[in-house]
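Only one structure is covered here, and it is reproduced in the block below.
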There are 2 protein chains.
Amino acid sequence: MTTRSSTDAARVIPEATVARLPVYLRALTALADSGIRTCSSEDLATAAGVNSAKLRKDLSYLGSYGTRGVGYDVDYLRYQIAREIGVTQDWPVVIVGIGNLGHALANYSGFRSRGFRVVALLDAAESVVGQSVAGVVVRPFDHLEEIVREHDVAIGVIATPAVAAQDVADRMVAIGITSILNFAPAVVAVPEGVDVRKVDLSIELQILAYHEQRKANGAEAAATDGGAA
Amino acid sequence: MTTRSSTDAARVIPEATVARLPVYLRALTALADSGIRTCSSEDLATAAGVNSAKLRKDLSYLGSYGTRGVGYDVDYLRYQIAREIGVTQDWPVVIVGIGNLGHALANYSGFRSRGFRVVALLDAAESVVGQSVAGVVVRPFDHLEEIVREHDVAIGVIATPAVAAQDVADRMVAIGITSILNFAPAVVAVPEGVDVRKVDLSIELQILAYHEQRKANGAEAAATDGGAA
DNA sequence: AGGAGTTTGTGAACGTGAGAACAAAATGGG
DNA sequence: CCCATTTTGTTCTCACGTTCACAAACTCCT
Ligand SMILES: NC(=O)c1ccc[n+]([C@@H]2O[C@H](COP(=O)([O-])OP(=O)(O)OC[C@H]3O[C@@H](n4cnc5c(N)ncnc54)[C@H](O)[C@@H]3O)[C@@H](O)[C@H]2O)c1
Ligand SMILES: NC(=O)c1ccc[n+]([C@@H]2O[C@H](COP(=O)([O-])OP(=O)(O)OC[C@H]3O[C@@H](n4cnc5c(N)ncnc54)[C@H](O)[C@@H]3O)[C@@H](O)[C@H]2O)c1
């Protein structure tokens, strides 16, 4: 017999699935916005840009929220995914390093609409501290601890230069932040129990360049090769 | 017998490895900058934040560039990886959508230093066109074709709102761009042969939130549970 | 009510990736 | 010159992720 409590600890969701759930959430929101109340796995898979079998398998890890022969109720499924991810509540976030990128992040409205609230912008440079960015005053990096305690912040964003990233991460971890999103092109080491995700523009471009080069070489080979055909 | 030519078409590098090569490249550059001329797989693995067995396996797909008992020559390996990725040459790039994010990207120096050259900034809004951003004048989106032909651009960056992303991608593809880096939170469909990579801040945060929630629930369960132990 | 038609949820097959372990190849000391 | 030591390159095994294929479950029409 399987106990099915709502906080079933045994139910573990594969990492690859977790990474796709936000995509499904977004696709469901788009469907709901166009007034669609029900959709099949095929519809949703198309909207999310994945294969429908994969979608169904992913959703099956959450539970059985569809109806055979009918499909999924858009709002209901959306709520279930949001609950699973944890974005039915609001997550307070701090951003450290208010340079070019930090400004853009501070001005980004997508945070708020997706369950995240920027509670503070921090920077080490005196020239930046005190500036008002997106209606929020930039505070000194030293205030990190105070802010984190006050708002019970668990998620920190690093948008400093690469050299500062490890220091900032260390401070964050020391103060109790357990999830870090790192935009600096640097490997940051953190203790067990702390999650770091990195977003790295250069790496993405280099991956594209690799495939681009392969395409070019392939075309070249084909031209040399198949020219006489 | 295995033919080993330098342009061996049969040699295929796993996607997971391709995604790590830029990380190794960066770590090697950091080592070179600190004056280190030789390193073991262990050293490099530590710098890159991976396991040394994985590093050696990854490098083995490129060829046999180390010396047993000694390690790798930093500069030589760096060159080999750069060549494999295709960043020994310069890749021209266009950025479309010069809003908050587009500004940050335009000002980002990491492009240039990693083999990418921003040849144009494009926007559809008249209020933005003509502005000078990072010393480059923003041009109308309509100029895309002209610019792409002139500079032989293969890589395009989308930093427009989500609703415009598919349209922009379609235009890019029609004109001959075959690699797209998409920052807009939207699924863009492209024909076979075109690569799209997406960078999505909200998804990253939501993945962190999921794990954060699990940590919280786990702690809660442990507190309820193990309190009596 | 019953059967035809849909669509989900999942078991099983397949492919890719990670890591341990070790043989092969190089160095350096005696 | 030979042997101990170091470190690479590769093989083997296991885990994870993707896709197929189909039974189970539901709706709707007659
Ligand atoms: N600009 C982009 O589009 C872009 C794109 C991808 C990655 N990045 C990366 O993001 C990071 C930020 O880029 P940017 O262009 O905004 O750089 P930037 O130099 O404009 O801004 C960095 C900010 O961090 C602050 N800072 C420096 N050290 C600090 C510390 N120890 N504590 C707190 N704040 C500190 C600086 O005062 C500055 O305001 C860099 O690592 C960059 O490589 C930027
Ligand atoms: N700002 C951020 O930090 C951030 C972070 C993550 C993701 N994003 C995403 O990146 C995208 C850009 O964000 P932003 O904050 O810079 O938005 P923004 O509104 O400031 O800028 C968007 C720009 O795109 C231009 N544009 C609109 N339609 C266009 C079209 N069809 N062709 C060419 N240009 C067009 C607009 O004129 C505007 O200048 C959005 O999709 C956003 O969700 C932004």
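First the proteins, then the strands, lettered A, B, ... as listed; each starts at 1. Just the heavy atoms: all of them, side chains too, but no hydrogens, waters or symmetry mates, feed the values below.
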To the closest 0.5 Å, what do you measure between [atom1] ([X]) and [atom2] ([Y])?
X: A:Thr38; Y: A:Tyr72; atom1: OG1; atom2: OH; result: 12.5 Å
X: B:Ser179; Y: A:Leu205; atom1: OG; atom2: CG; result: 9.5 Å
X: B:Ile95; Y: B:Ile158; atom1: CD1; atom2: CD1; result: 12.0 Å
X: A:Asp200; Y: B:Arg114; atom1: CG; atom2: CZ; result: 7.0 Å
X: A:Ile207; Y: B:Glu15; atom1: CD1; atom2: CD; result: 7.0 Å

Indicate whether any N or O donor in one side chain lies under 3.5 Å from an N or O acceptor in the other, for A:Tyr24 and A:Asp58. yes
What nucleotide among C:dT8, D:dT8, C:dT10 has an atom nearest to a side-chain atom of A:Ser41? C:dT8
Run the ring pair (Phe, Tyr, Trp, His ring centres under 6.0 Å) check on A:Tyr76 and A:Tyr65 step by step: do they pass? CA-CA 8 Å; A:Tyr76 180 61; A:Tyr65 297 131; 5.7 Å; yes
Nucleic acid contacts of residues 44-59 of chain B, taken as heavy-atom distances under 4.0 Å to DNA chain D: B:Arg56, B:Lys57
Residues from residues 19-37 of chain A lying under 4.0 Å of DNA chain D - heavy atoms: A:Arg20
Which is more 5' along DNA chain D, the nucleotide nearest A:Ala16 or the one nearest B:Ser40? Just name the residue. B:Ser40
Produce a footprint string for nucleotides 24-30 of chain C: one letter per nucleotide, 5' end first; B if the base is under 4.0 Å from any protein heavy atom, S if only the sugar-phosphate is, - if neither. BBSS---
Pairwise salt bridge (Lys or Arg N to Asp or Glu O under 4.0 Å) hits with a residue in residues 166-175 of chain B, at least two apart: none
Which salt bridge (Lys or Arg N to Asp or Glu O under 4.0 Å) pairs, counting each pair once, include a residue from residues 29-54 of chain B, with sequence neighbours left out? none
For the pair B:Asp73 and B:Arg78, find out whether any cationic side-chain nitrogen is under 4.0 Å from an anionic carboxylate oxygen. no
Separation of atom CD in A:Glu15 from atom P in D:dA15, rounded to whole Å: 18 Å
When rounded to whole Å, the CG to P distance for the pair B:Leu62 and D:dT10 reads 12 Å
Looking at B:Tyr72, does any N or O in its side chain come under 4.0 Å of the phosphate oxygens OP1/OP2 on D:dG9? yes
Residue pairs, two or more places apart or on separate chains, that pass side-chain hydrogen bond (donor to acceptor under 3.5 Å, both in side chains) and touch residues 84-95 of chain B: B:Asp90-B:Arg117
Answer with base, sugar-phosphate or nothing: what part of the nucleic acid does A:Tyr61 contact at a heavy-atom distance below 4.0 Å? nothing
